[in-house]
Number of protein chains: 2
Amino acid sequence: MSTLSRQSTLADKIGEMGVRLTKQRRFLIDLIESSQTHLHPSDILKLARQRGEKMDRTTVYRTLGMLKEMGLIEELDLLHLSGHEHYYELRDKNKRHIHLGCVKCGKILEFRSRLIEQLESEIRKETGYDVLSMRIEVAAICRKCRGENGDE
Amino acid sequence: MSTLSRQSTLADKIGEMGVRLTKQRRFLIDLIESSQTHLHPSDILKLARQRGEKMDRTTVYRTLGMLKEMGLIEELDLLHLSGHEHYYELRDKNKRHIHLGCVKCGKILEFRSRLIEQLESEIRKETGYDVLSMRIEVAAICRKCRGENGDE
DNA sequence: AATCAGTTGCAATCAAGTTGCAATAAGGAG
DNA sequence: CTCCTTATTGCAACTTGATTGCAACTGATT
């Protein structure tokens, strides 16, 4: 499940775009491609250091910014349920999804629906805007937290 | 179009909740209720100072935080098209809308659709989560900017 | 192997938002 | 209308997330 388990699509794409594939970029890309969770810059930095990679905060921000500009990753706020950092995930144009966060326990659930694509094409049709990306974040209370305690 | 043009619903609600209605809160509430645009903390502070109100950054943040907690205003990121500040707008439960931002000129368009309500009830039904608020922000290119210049 | 523009790391800086606490003022009691 | 209590404000210091300028380094092409 790590670095070489599958070909890095991002690395390929980046190479094609004439961008240098440095050790740091390779590490960050592998991390995002293999991660099951939403990562934020300090996560990435911490993981890099744990694995003995040389990596600076600045590089993390710059690389994430670049990947975002290229449309390869998606930036999330996750409703700022904890801190104000941004989170990042691999972009998958064919599988738009919603992030549903519980304001009590902080758990993030991903939710898919064909309504998202419908909404997107409605926007295109009615406004004439060219949609690049959509961010749908929902603040909610999960069943467990609702059951446990009415307030707090 | 200003302060007294209509009764402040927010001020009433706040009064009912046993919260002190100070000069600063009154000003901020009036401002948000009468504003046609999305305001961020430094806008509010600047406007207060221009009108000779005594107001501190801290108070702006605290008051916005309180109104947000009470569910009376909505917090937006507007995709961070300019800076990382948060924007605020009056909450209107019956009129959920999307914020559509042009990544080139920065213009924000509001867009309504019955698909939003459908999406919300679908989430409730399928996940069992109790939805408190939804934030839908779309990065796009407006017709004008697309026409003018293919890249940049 | 040599080259060199693209990248990185570091230190300094910026910007947004928060905290602790003394001074102030809202609004109910008398 | 004045007093009193306590919530609220303003200020200064601080924290956190992100950015910038620049010298040193390195990937990849010759």
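Keep in mind that the numbers below use all heavy atoms, side chains included, and drop hydrogens, waters and symmetry copies. Every value quoted in this text rests on a predicted model; they were computed, and no experiment measured them. Residue numbers start from 1 in every chain, and the chains themselves are labelled A, B, ... in the order their sequence lines are given, proteins ahead of strands.
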Check: Does T22(A) make a side-chain N or O approach to OP1 or OP2 of dT8(C) shorter than 4.0 Å?
Finding: yes
Note to self: As a quick check of understanding, evaluate salt bridge (charged side-chain N to carboxylate O under 4.0 Å, His left out) for E122(A) and R114(B), giving each step before the final call.
What the structure shows: CA-CA 11 Å; E122(A) 194 176 292; R114(B) 71 248 106 55; 2.5 Å; yes
Next item on the list: Identify, between R62(A) and S42(B), the residue whose nearest nucleotide on DNA chain C lies closer to the 5' end.
Entry: R62(A)
Note to self: Nearest whole Å is fine: how far is dC25(D) P from K54(A) NZ?
What the structure shows: 9 Å
Checklist line | Donor-acceptor pair under 3.5 Å, R20(A) side chain vs dA5(C) base | finding: yes
Checklist line | 5' priority, DNA chain C, between H84(B) and T59(A) [closest heavy atom] | finding: T59(A)
Check: Do the ring centers of H40(B) and H38(B) come within less than 6.0 Å of each other?
Finding: no
Checklist line | Between C1' of dA18(D) and OH of Y88(A), the distance in whole Å | finding: 9 Å
Note to self: Any base atoms under 4.0 Å from T58(B), or only sugar-phosphate, or nothing? Heavy atoms, all strands.
What the structure shows: base
Item checked: Nearest-angstrom distance from the residue atom CD of E75(B) to P of dA16(C) -> 14 Å
Check: Taking atom P of dC11(D) as reference, at what distance in whole Å does atom CD of Q24(B) sit?
Finding: 11 Å
Margin query: Rounded to whole Å, how long is the line connecting atom CG of D56(B) with atom C1' of dC21(C)?
Written below: 14 Å
Next item on the list: Report the distance from atom OG1 of T59(A) to atom CZ of R57(A), rounding to the nearest 0.5 Å.
Entry: 10.5 Å
Notebook entry, point to check: If only side-chain N and O atoms of Y61(B) are considered, is one of them under 4.0 Å from the OP1 or OP2 phosphate oxygen of dT18(C)?
Noted result: no
Next item on the list: Could you say whether V19(A) or M66(B) is positioned toward the 5' end of DNA chain D, judged by the nucleotide with the nearest heavy atom to each?
Entry: M66(B)
Next item on the list: Starting from P on dT16(D), measure out to NZ on K46(A) and report it in whole angstrom.
Entry: 13 Å
Next item on the list: To the nearest Å, give me how far apart NE2 (H40(A)) and P (dG17(D)) are.
Entry: 7 Å
Next item on the list: Can you tell me the distance, in whole Å, between the CG atom of L64(A) and the P atom of dA18(D)?
Entry: 9 Å
Note to self: Looking at R57(A) and dG9(C), is any side-chain donor or acceptor paired with a base atom of the opposite kind under 3.5 Å?
What the structure shows: no
Notebook entry, point to check: Would you say the side chain of M134(A) lies within less than 4.5 Å of the side chain of R96(A), judging by non-hydrogen atoms?
Noted result: yes
Next item on the list: Can you measure from CZ (R135(A)) to NE2 (H80(B)) and round to the nearest 0.5 angstrom?
Entry: 5.0 Å
